[in-house]
Amino acid sequence: MDESVRDYLDRYGVSDATRQFLAKPRKMFIDGAWVDSGDGATFDIFEPSTGGRITSAPSGTIEDLDRAVRAARRQFDGGDWRRLKPLARERLLHRLADLLETHGDELAEIESIDMGKSVTFAREIDIQGTVDTFRYFAGWPSKLHGRTVEPSIPGNYLAYTRKEPLGVVAAIVPWNFPLQTMAWKLAAALAAGCTVIVKPAELTSLSTLRFAELAQEAGIPDGVVNVVTGRGSIIGAAMSTHPGINKVTFTGSTPVGQEVGRSAVGSLKHVTLELGGKSPVLVLDDADLPRAALAVANGVFFNSGQVCDAGTRVYVQRSVHDAFLDELVKVTRTLKIAPGLDRDCYIGPLVSAQQKTVVSAYVEAGRRDGAELIHGGGSPAGPGHFVEPAIFAHCRPEMSIVREEIFGPVLVTSPFDTLDDAVSLANDTPFGLAAAIYSNDLARVHTLIPRLHAGSVYVNAHSTIDPSMPFGGFKDSGFGKDLGPEQLDHLMETKAVWITLP
Ligand code: NAD
């Protein structure tokens, strides 16, 4: 561990449990064993507020993935997991949720140190969301069933359907909500009776490795949960084609998702793709402007803008446009930029130096294209990958800052006149992950909801997530759903059974 990281942990009084976890080079988790990669290769893991090195993790090989697939297959095809009585499976998942909750503060510290995010939000959102997701899906195994049917064709039949788990599921996870996104994929798959192999993002493997220790402690049988760390272009790509894997559930960028989808079709795998976004926000002229400004700022700057459904394009009805932007700038000024372990941090560093370069280049492009930068966009002096939240006004639809996903704290705004104009602007994007409306005029709100091409529509709110509600995109934001009962449909086969009766 670099001196700068050690000083950082000292300055913010990080717990002994977290220090001990970070002190050792990590191993990956295959078939209940903690192992190095087959060729001994590792990659370094860095802390974004200081830029210093924390530790290392194994850079998995194709042979490592093969071992994980064999373990997951053995458990699925002949093992205990899918044959475990539903209530016994529920008990194990609840035990895991309990352990995640008990170790919540430690997991939040690990997540903040690894990814740069606010430790406070990590505890309240990421870790609580992870616990809630496991609790919600822990309740499902005893409620999964088919139906009996009364056929109309001639003859006398007993006809019914059975719900059966899909098989071995590979989960490919991004770095913005590492543990929570992993939970979104694993909890439902395990509840359905599938076995899993997770590949965390290279930048953020640590919380998933700590999770695997807790899964083992909870008594999840060996081979049911496996974690292979390493490069997306090697492990992720091999997961998409591996004949022993029945489904790939991917969360990440649209270009990589397209690649995963194309590869998975080759071996006819089931696929869920949760991809990028450029979500529109419509502020109507009757909105409560101070409240809307606070919610809009949260909706785009939370997690330093590294949120897939961030409301990054804000369209404001012309009569309230200037007043709304004044409120928005006022609120944005109050958001504290600080290292992730600072309990009052709102805007933490971006995840990596590369991400900072990308986001800063977009701010420059916005300026060059003639958008008016009315707040922020610079980088504070000192270490860490910080970018101040940026607000651009009077943006035009063809600008790259309006069209492309930036994945950083950059907001683009422009005025609109009629609701038809607002709908055209909102839908003028290849993405379709989410949309938000700020208004208390129910008639106008209900007219707008069906016209917006997005998987989630938030009204007077943004990014409200609950395990009971499905989440997933339309258009280039992907297909399939995480969360809610809908996710279980994507993790189970339906078998039709016909029995001739005398
Ligand atoms: P990314 O696409 O670069 O990587 C995502 C994961 O895919 C990582 O684990 C990576 O190692 C792996 N990967 C990389 N190349 C691969 C390949 N060729 N084959 C298979 N896997 C490969 O995305 P990112 O930069 O980690 O995350 C940011 C992106 O994720 C943004 O576009 C964001 O919108 C999206 N995202 C979407 C959702 C959602 O629910 N829709 C949620 C969070 C993030």
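Computed from heavy atoms alone, side chains included, the values below leave out hydrogens, waters and symmetry copies. Order of appearance sets the numbers: ligands from 1, and atoms from 1 within every ligand. A quick note: this is a predicted structure, and the numbers were derived from the prediction, not measured.
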Contact atoms of ligand 1, heavy-atom distance to Leu433 under 4.0 Å: 41 (N)

So the atoms of ligand 1 within less than 4.0 Å of a heavy atom of Thr251 turn out to be 5 (C), 36 (N), 37 (C), 38 (C), 39 (C), 40 (O), 42 (C), 43 (C), 44 (C)

Is NZ or CZ of Arg26 both nearer than 6.0 Å to the six-membered ring centre of Phe21 and within 45° of the ring axis? yes

Among all protein non-hydrogen atoms, which one is nearest to atom 35 (C) of ligand 1, and what is the separation to 0.1 Å? Gly252 O, 3.1 Å

Heavy-atom contacts under 4.0 Å between Val256 and ligand 1: side chain, backbone, both, or neither? side chain

Nearest protein heavy-atom contact for atom 12 (C) of ligand 1: which residue, which atom, what distance? Ile172 CG2, 3.6 Å

Taking atom 44 (C) of ligand 1 as the point of reference, which of Ile406, Val248, Thr254, Asn176 owns the nearest heavy atom? Asn176

Against ligand 1, does Ala237 come closer than 4.0 Å with any heavy atom? yes

If you compare Gly276, Gly232, Ala264 by their heavy atoms, the one closest to atom 16 (C) of ligand 1 turns out to be Gly232

Would you say the side-chain atoms of Lys185 and Thr251 include a donor-acceptor pair closer than 3.5 Å? yes

Would you kindly say whether Ser477 and Lys475 are connected by a side-chain donor-acceptor distance under 3.5 Å? no

Tell me whether ligand 1 is touched by Phe177 - counting only heavy atoms on the residue side and a distance under 4.0 Å. no

Part of Met239 within contact of ligand 1 (heavy atoms, under 4.0 Å): neither

Counting both backbone and side chain atoms, is some N or O of Leu275 under 3.5 Å from an N or O of ligand 1? yes

Compute whether any side-chain donor of one residue and acceptor of the other, for Glu111 and Ser207, lie under 3.5 angstrom apart. yes

Can we say Arg210 and Glu106 salt-bridge, meaning some charged N sits less than 4.0 Å from an Asp/Glu carboxylate O? yes

Do we see a donor-acceptor contact under 3.5 Å between the side chains of Asp466 and Ser468? yes

Mind checking whether Leu203 contacts ligand 1 via backbone (N, CA, C, O), side chain (CB onward), both or neither, at a 4.0 Å heavy-atom cut-off? neither

Output yes when Asp489 and Lys481 qualify as a salt bridge under the 4.0 Å nitrogen-oxygen rule, no when they do not. no

Return a table of donor-acceptor pairs under 3.5 angstrom between the side chains of residues 222-238 and protein atoms on other chains or two or more places apart.
from	atom 1	to	atom 2	distance (Å)
Asn226	OD1	Asp31	N	2.8
Asn226	ND2	Val196	O	3.2
Asn226	ND2	Gly223	O	3.0
Thr229	OG1	Pro58	O	2.6

Side-chain H-bond candidate by donor/acceptor type, Ser352 with Gln355, under 3.5 Å: no

Distance to 0.1 Å, residue and atom name: give those for the protein heavy atom nearest to atom 25 (O) of ligand 1. Trp175 NE1, 2.9 Å

Any protein heavy-atom neighbour for atom 2 (O) of ligand 1 (distance below 4.0 angstrom)? yes

Flag the pair Arg135 and Asp132 as a salt bridge only when some basic side-chain nitrogen lies within less than 4.0 angstrom of an acidic carboxylate oxygen. no

To which protein heavy atom is atom 27 (O) of ligand 1 closest, and what is the distance rounded to 0.1 Å? Pro174 CB, 3.4 Å

Ring geometry between Tyr136 and Trp140 (parallel below 30°, tilted from 30 to 60°, perpendicular above 60°): perpendicular

Find all atoms of ligand 1 within a distance of less than 4.0 Å from any non-hydrogen atom belonging to Glu274, and give their numbers and elements. 37 (C), 38 (C), 39 (C), 40 (O), 41 (N)

Glu202 heavy atoms, cut-off 4.0 Å: which ligand 1 atoms fall inside? 10 (C), 11 (O)

Can you see whether His490 engages Gln487 through a side-chain donor-acceptor pair at a distance of less than 3.5 angstrom? no

List the closest protein heavy-atom neighbour of atom 18 (N) of ligand 1: residue, atom name, distance to the nearest 0.1 Å. Glu259 OE2, 3.3 Å

Does Glu364 come within less than 4.0 Å of Arg367, counting only side-chain N to carboxylate O? yes

Backbone or side chain, does any N or O of Ser253 fall under 3.5 Å from an N or O of ligand 1? yes

Are any of the N or O atoms of Ser477 closer than 3.5 Å to those of ligand 1? no

Return yes if some donor-acceptor pair links the side-chain N/O of Glu101 with the main-chain N/O of Val131 below 3.5 Å, else return no. no

Does the side chain of Thr413 reach to within under 4.5 Å of the side chain of Phe392, using non-hydrogen atoms? no

Show the atoms of ligand 1 that are less than 4.0 angstrom away from any heavy atom in Ala201. 9 (O)

For Val173, the atoms of ligand 1 under 4.0 Å from one of its heavy atoms are 6 (C), 8 (C), 9 (O)

Give the table of side-chain donor-acceptor pairs shorter than 3.5 Å for residues 175-182, with sequence neighbours excluded, one pair per line with atom names and distance.
from	atom 1	to	atom 2	distance (Å)
Asn176	ND2	Gln306	O	3.2
Thr181	OG1	Phe177	O	2.7

Asp482 contact mode with ligand 1 (heavy-atom cut-off under 4.0 Å): neither

Side chain, backbone, both or neither: the part of Glu405 lying under 4.0 Å from ligand 1 by heavy atom: side chain

A student checking ligand 1 against Val260 at a 4.0 Å heavy-atom cut-off should list atoms 19 (N), 20 (C)

Does a side chain donor of either Asp2 or Tyr8 reach within less than 3.5 Å of an acceptor in the other side chain? no

N/O of Arg231 under 3.5 Å from N/O of ligand 1, yes or no? no

Considering heavy atoms of the protein only, find what lies nearest to atom 28 (C) of ligand 1 and give residue, atom and distance to 0.1 Å. Phe407 CE2, 3.5 Å

Between ligand 1 and Thr181, can you find any atom pair, the residue atom being a heavy atom, that is separated by under 4.0 Å? no

Any Trp184 heavy atom less than 4.0 Å from ligand 1: no

Quiz question: by atom type and distance under 3.5 Å, do the side chains of Ser463 and Asp309 form a donor-acceptor pair? yes

Option set Pro200, Cys308, Ala170, criterion heavy-atom distance to atom 39 (C) of ligand 1, minimum: Cys308

Could you find the nearest protein heavy atom to atom 20 (C) of ligand 1 and give me its residue, atom name and distance? Gly236 C, 3.1 Å

